[in-house]
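Reading through the structure tokens given below for one structure.
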Protein chains: 2
Amino acid sequence: MAKKRGNDAAKSGNSSSEKGEPASKKLKSNSVQEKTSSTEASETFHSEAVTNSGEKWNFKIVSWNINGLRAWLQNDGHSIIAKEDPDVICLQETKCSKDKIPEAALNVPGYKSYFMSAEKEGYAGVAVYSKVAPLSIAYGVSDGEHDKEGRAITLKFEDFYLVTAYVPNSGRGLVTLDKRLNWDAIFLKYLQELDKEKPVIMCGDLNVSHHEIDLANPKTNRKNAGFTQEERDGFTKLLEAGFVDSFRHFYPKKENAYTFWTYMRNARAKNVGWRLDYFVVSERFKESLCDSLIRSWVMGSDHCPITLLIHTKMARSS
Amino acid sequence: MAKKRGNDAAKSGNSSSEKGEPASKKLKSNSVQEKTSSTEASETFHSEAVTNSGEKWNFKIVSWNINGLRAWLQNDGHSIIAKEDPDVICLQETKCSKDKIPEAALNVPGYKSYFMSAEKEGYAGVAVYSKVAPLSIAYGVSDGEHDKEGRAITLKFEDFYLVTAYVPNSGRGLVTLDKRLNWDAIFLKYLQELDKEKPVIMCGDLNVSHHEIDLANPKTNRKNAGFTQEERDGFTKLLEAGFVDSFRHFYPKKENAYTFWTYMRNARAKNVGWRLDYFVVSERFKESLCDSLIRSWVMGSDHCPITLLIHTKMARSS
DNA sequence: CGTATGACG
DNA sequence: CGTCGTACG
């Protein structure tokens, strides 16, 4: 039977505490706003977010670039599933061929699991766990070259498509920028095709920080992978095609909000980071959004998980 | 000026405590023999050993397969030099090209250093540190193929040659047994040539356990690298050519005396080991030997160091 | 800096 | 199991 969520998660305090500048987002009148002033994230997974029309969230999606499934398991990254209890969790950079996926990752109680690995050992790879079995599932983006690299999985649900992607990194010295720009074009078309049928929720490591606000050192990274004009333009083009950066939808001016910190130079402790991970949704799906959150305190990878809270009317069983 | 040793090292207790079955070796009458019964090594570097004719040791040589110079430095293997204060220390498997040797290993106060690295990065390689500058030094064994792999250094001293060697491993499935047997023949000739001129002290990782007593699991290793009949025969041939296994000279029946334990299966804690490291000397040099010791408690590699105590009449400065 | 390979032991 | 190398990020 369909289960309502959001309600039962109600507790005192800390809801919406990540919101520096709530924008198009309505806050519940009784929400506690302490800890709201700084850029600090509160270390809770609780939220009472609602849609613009006041419907409480009842479906949660997590996305996380885990930088190696096996290391992530050892680092207890896995525990995010118990803590967030998401309906769907999408993982990028599993770096693990299918036959080497540990039992604990293959069979997660309560979830169906889907994997797409790269041909190259220990490279790229994505995975999805879903409580609800999708109507159908598709691997890749229908491109011979990109699909060798295990970069996308699409789940068709009743009222939306969910696509998770690990977008090609342009590399040191931008040696693979061409591959990346080729992906951007192909991927946009892919999303547009899906969008003709149903609203799309696309999430993952998009390997770009869109604007200066989206990384700690915009000035010095203009020529570096993840902040070249070409990559930024690719993202702009995506939004212009009728999609929305859900985090900026809720927090248009929030600074110091990142999802990736290089392991080098103690960057995470200093919050010298990049926002590379996104939930991007079809324009018309905005009305179903309740919140878009960055779990910046969650360790286990050089990226942190991000969480999307939505209200869906589709039947859900768990 | 020449400095006498052995004497000044005198302390109470624990001398000769490694000796399970003292054989051709004379014990000092006042030596304490507690801890002598078991196979346990006492954790001391002290000794008052003398030659058959009663001359105290005054020259100490250490040999150690360190399994990676840089890791060994990090594991504080380096501290053996302060603890043993050897006149010469020979290292095998430095796994480090010359240009990558850390400063701390290049310049050891009180020692001259000599390195022979393999062409292949991170493979094999040997090194020698000596307080006394040798009369001359030679790298390799005058063989084009073997000498690409950085496997031997020869130091010419007044009254002996010191050769250190890292003998080729025959490999899993004995894939490089041929290379190994080729080495054995070439190396034996090389030693015999030196032996014509002066007595030879040869030390290092010979990658063979000679007899069943020299490894924990002789039955199951008959077909494995380090205990094949061919490798054992090679060692027998070396001894038949007029050389002596100094450890067996002193301890002909001592069991459970090993110098290598695989990192796998907790082998070292269980003393499931192999005696692969040796001091082999010219027959006529026996009269200069004071002791041949295994420092089985010294950590920092999957091998432990071994120590040779000799009496030399050559002038020594320090 | 850290997760992956693969060679070697 | 652990130390190397290289690729990748």
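All figures in this text were calculated on a predicted structure; none of them were measured in a lab. We name chains A, B, ... by the order of the sequence lines, and we start the count at 1 in each one.
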Listed by chain and number, what are the side-chain hydrogen bond (donor to acceptor under 3.5 Å, both in side chains) partners of Asp233(A), not counting sequence neighbours?
-> Gln229(A)
Lys179(B) with Glu149(B): basic N within carboxylate O range, under 4.0 Å = yes
What are the residues of residues 163-176 of chain B, sorted by number, that bring a heavy atom to within less than 4.0 Å of DNA chain D?
-> none
Less than 3.5 Å apart, which donor and acceptor atoms pair up between the side chains of residues 164-173 of chain A and the rest of the protein, not counting sequence neighbours?
| unit_1 | atom_1 | unit_2 | atom_2 | d |
| --- | --- | --- | --- | --- |
| Thr164(A) | OG1 | Gln92(A) | NE2 | 2.9 |
| Thr164(A) | OG1 | Cys203(A) | O | 3.3 |
| Tyr166(A) | OH | Glu93(A) | OE1 | 3.4 |
| Tyr166(A) | OH | Glu93(A) | OE2 | 3.4 |
| Asn169(A) | OD1 | Gly171(A) | N | 2.7 |
| Ser170(A) | OG | Glu231(A) | OE2 | 2.5 |

Going 5' to 3' on DNA chain C, which nucleotide is the first and which the last to come under 4.0 Å of a heavy atom in chain B?
-> dC8(C) to dG9(C)
Would Arg275(B) count as a cation-pi partner of Phe247(B), with NZ or CZ less than 6.0 Å from the six-membered ring centre and within 45° of the ring normal?
-> no
Mutual orientation of the aromatic rings belonging to Trp183(B) and His146(B) [parallel < 30°, tilted 30-60°, perpendicular > 60°] | perpendicular
Cation-pi geometry met for Arg232(B) and Phe227(B) (6.0 Å, 45°) = yes
Pairing residues for Lys100(B) by the side-chain hydrogen bond (donor to acceptor under 3.5 Å, both in side chains) criterion, not counting sequence neighbours | Glu121(B)
Hey, which of Trp72(B), Tyr129(B), Phe279(B) is the one that makes ring pair (Phe, Tyr, Trp, His ring centres under 6.0 Å) with Trp64(B)?
-> Trp72(B)
Quick one: on DNA chain C, does Asp302(B) or Cys96(A) contact a more 5' nucleotide (nearest heavy atom)?
-> Cys96(A)
Assess whether salt bridge (Lys or Arg N to Asp or Glu O under 4.0 Å) is satisfied between Asp214(B) and Arg248(B), documenting all intermediate values.
-> CA-CA 10 Å; Asp214(B) 295 313; Arg248(B) 284 296 166 215; 2.7 Å; yes
Would you jot down, in residue-number order, the residues of residues 214-224 of chain B having a non-hydrogen atom under 4.0 Å from DNA chain C?
-> none
Residue set satisfying ring pair (Phe, Tyr, Trp, His ring centres under 6.0 Å) with Tyr278(B), at least two apart, ordered chain then number -> Phe235(B)
Any side-chain heavy atom of Ile61(B) within less than 4.5 Å of one from Pro86(B)?
-> no
With sequence neighbours left out, what residues match Glu212(A) under side-chain hydrogen bond (donor to acceptor under 3.5 Å, both in side chains)?
-> Lys219(A), Arg222(A)
Taken in chain and number order and not counting sequence neighbours, the residues that satisfy side-chain hydrogen bond (donor to acceptor under 3.5 Å, both in side chains) with Asp184(A) are Arg180(A)
Got a sec, which residues hit ring pair (Phe, Tyr, Trp, His ring centres under 6.0 Å) with Tyr258(A), two or more places apart in sequence or on another chain?
-> none
Going by number, which of residues 64-81 of chain B have a non-hydrogen atom under 4.0 Å from DNA chain D?
-> Asn67(B), Gly68(B), Arg70(B), Ala71(B)
Boundaries of the DNA chain D segment in contact with chain A, non-hydrogen, under 4.0 Å = dC8(D) to dG9(D)
Distance-only donor-acceptor check, side chains Thr220(A) and Asn217(A), under 3.5 Å | no
